[in-house]
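Since the structure comes first, as structure tokens, the remarks are kept for the end.
This chain uses plain numbering: 1 for the first residue, then up along the sequence.
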Amino acid sequence: MTTDTGRAGNVEKSLFAAAIFLIALAAYMQYGAGDAGDKGWLLLAARMWLSGKRLYVDIFETNLPLIVWLYSLPVWLSLHLGMQDSQLLALLTLLAAGCSVALCDRLLRFHPAFAHDARKRAWHAILLALTFVFWTNISAFGDREHLFLVFAFPYLLRCSPSLTRAALPLSLRLAIACMGAVGFCIKPHCALIFLGVQALTLWRERSLRMLWNLENGIICAGGAAYLLLVWLLAPEFFFNVLPMEWVSYGAYSMGAARIMFFLPSLLILGVAFVDFRPRDVSPYRKDILYFLGICVFLLLYVFANNGWGYTFYPLNSMALFAVAWLWWEFRWLKREATARGTLTRRLSQGGYACAMVLGANILLTMLPYAIVYSGGMPMPRKQNIAADLLDVMKENHFDTFGGLSPSFKIWPVLARNAGAQMETRYHHLWMMPSFVLGNEAFIRKQAWVPAYVATTLAEDMDRNKPEVMFVDTSPEFFSTRKPLDLIAYFSSTPAFKEAWNHYAWMKRVSHCEDEGPNGKKVEQFQCRYDVFRRVR
């Protein structure tokens, strides 16, 4: 028995060390990943805001301002420390994740199944660190959904059945509430998750009194104060941006291909819960059901966001988290059944299914890390285009630029590496696919949108006089598979046509003929830019 116990202890120590290594490796990769995903445009918006430009006037940002304010911290530090803003964002995100894990660890000291088991709490901390750092795609790390989960997770854990009535220290409750307030305010869609937590609590406790607590009060007060602040400081969001989002974001509906993003969570829950039985009773059961309820509302969150791939991160993470708790439950049930002499095959094998799911996710997550670390990932075409346009900026000593493009990937590179200022307000023309795909009735009814865009672009070119304009002239417009001549389209507005007379064609940068894997021709959008120089 002693030998078996010692062997099990050595295995556990090895697994613990391996988990620490994976977290450290992931942290290193996240630090060096740059501004993958949507982080580039948010860092650019923060850079423009710090330069004195006004949100929703000089910067036509689609998000509420909190995420720009948060991103302004790494940008401000980069201007004073000489480090890249994306690297500082990664470091600050790791710090926030560490704080979230620490708060959850303090919470578990009041959980009946974890309070007197430091080893189990340590594994729970490892689980959260793996979820926040290792299992997070490099394009999602530090983005809105990731930050939401990092900031809001202590509150979600606090509202679990085993901790709802726990008598927590005031300092801990305040920290959880303040982090939760930031998390739920990152995107308006996050309010759906907050309301879901209240619905689950009300359904479980059958009492409205359980909703009136310090944490909910601080989060609701913080949300109300935040909306009031936005109304006072940036009313243009409600009058200019929000109506345009309401009209045009329908073009980004969830297509059939995006159903693939459901597979991770479906496979995680489907395999792990094969041996799950509602009649089982354990100290973990109510919490597991609560986490599954959160998954339901996170699924609704995905649909509210039109099914964009990055919005699946909280859902998949919560599903993985629920599987880990189910593994602890199976271990507890197996131990109790063994003591009573009633151990069944289902209880004996249930934990193995959970362990298999967790192990498979670790192995699958390691694959992209291995590809990136070994240099086996080819240079994305957008980076090649950005490098070419950056050469144009440096060779001609341009200090200001503007852009007409459905993509935001290139502008942060020019702003950061050329030290240039973007002088047009649209970091990407997110509203235009609706007018490429829309029918004639829609286009006539909502004609004010492209007219507004063209007029404000003309204002930017007349007032700010960017030295060079980069225009996406790709054969296919983003997400539409149809062509769109942006200059001709906007020139139907007299103000834009007059402003554009100050620019002359300079050169073309094209990677449309690049070949992808197996010699196949790459997609024909975001592959060609024309360069126009200001001449008068």
Side-chain angles (χ1 to χ4, degrees), residues 18-40 42-43 67 70-71 74 85-104 124-154 156-157 179 182-183 186-187 189-190 193 260-265 267-268 291 294-295 298 301-302 305 308-324 357-373 377:
I20 294 294
F21 170 76
L22 291 178
I23 294 168
L25 173 64
Y28 172 76
M29 298 302 296
Q30 303 289 9
Y31 174 79
D35 50 13
D38 291 352
K39 292 176 287 187
L42 294 169
L43 287 169
I67 189 64
L70 292 175
Y71 273 51
D85 48 12
S86 59
Q87 294 176 338
L88 287 164
L89 174 63
L91 291 177
L92 292 173
T93 303
L94 289 171
L95 178 62
C99 292
S100 182
V101 171
L103 285 180
C104 290
H124 190 275
I126 289 293
L127 169 66
L128 283 180
L130 285 170
T131 303
F132 291 155
V133 182
F134 175 77
W135 204 55
T136 308
N137 186 287
I138 58 175
S139 63
F141 188 82
D143 203 351
R144 293 147 295 178
E145 274 67 26
H146 182 243
L147 291 179
F148 155 70
L149 193 63
V150 166
F151 280 101
F153 200 89
L156 298 178
L157 186 60
M179 284 194 70
V182 174
I186 284 180
K187 288 180 72 173
H189 310 75
C190 297
I193 313 302
M260 296 295 294
F261 289 109
F262 286 106
L263 290 180
S265 54
L267 290 175
I268 287 171
F291 296 139
I294 295 294
C295 287
L298 288 172
Y301 173 87
V302 169
N305 282 275
W308 280 104
Y310 54 82
T311 63
F312 284 83
Y313 167 74
L315 170 63
N316 295 337
S317 297
M318 187 59 70
L320 194 67
F321 187 76
V323 169
V357 168
L358 295 172
N361 273 276
I362 288 176
L363 292 176
L364 290 174
T365 306
M366 280 298 298
L367 181 60
Y369 282 116
I371 293 174
V372 173
Y373 188 73
M377 183 175 290

**Asked** What distance do F141 atom CZ and L94 atom CG have between them, rounded to the nearest 0.5 Å?
**Response** 4.0 Å
**Prompt:** Roughly how far, to the nearest 0.5 Å, is the CD atom of E145 from the CG atom of D38?
**Reply:** 9.0 Å
**Atom pair OG1 (T93) and CG (L147), whose distance is rounded to the nearest 0.5 Å** = 5.0 Å
**For L43 against P74, the heavy-atom pair lying closest together** = CD2-CG, 4.4 Å
**Message:** As an exercise, state the distance from CG of L42 to CG of D143, rounded to the nearest 0.5 Å.
**Reply:** 6.0 Å
**Request:** State whether the side chain of Q30 and the backbone N or O of V133 hold a donor-acceptor pair below 3.5 Å, judged by distance alone.
**Result:** yes
**Asked** Sequence neighbours excluded, which residues qualify as side-chain hydrogen bond (donor to acceptor under 3.5 Å, both in side chains) partners of Y313?
**Response** T136
**Message:** Please find the pair of heavy atoms, one from M318 and one from C295, that lie closest to each other, and give the distance.
**Reply:** CG-SG, 3.6 Å
**Message:** How close do L128 and C104 get, counting heavy atoms only, and between which atoms?
**Reply:** CD1-CB, 3.5 Å
**Gap separating the OG1 atom of T311 from the CG atom of N316, nearest 0.5 angstrom** = 9.5 Å
**Considering all heavy atoms, the nearest V150-S100 contact** = O-OG, 2.8 Å
**Prompt:** Of all heavy-atom pairs between F148 and I186, which one has the smallest distance, and what is that distance?
**Reply:** N-CD1, 3.7 Å
**Prompt:** Quick one: are L130 and I126 in side-chain contact, heavy atoms under 4.5 Å?
**Reply:** yes
**Message:** Run the side-chain contact (heavy atoms from CB on, under 4.5 Å) test on F153 and M179 for me, step by step, so that the C-alpha distance in whole Å, both residues' side-chain angles and the decisive distance to 0.1 Å come before the verdict.
**Reply:** CA-CA 9 Å; F153 200 89; M179 284 194 70; over 6 Å; no
**Fill in**
In this structure, CG of D85 is separated from NZ of K39 (nearest 0.5 Å) by 11.0 Å
**Message:** To check you understand the geometry: which heavy-atom pair defines the closest contact between C190 and Y301, and what is its length?
**Reply:** N-CE1, 3.9 Å
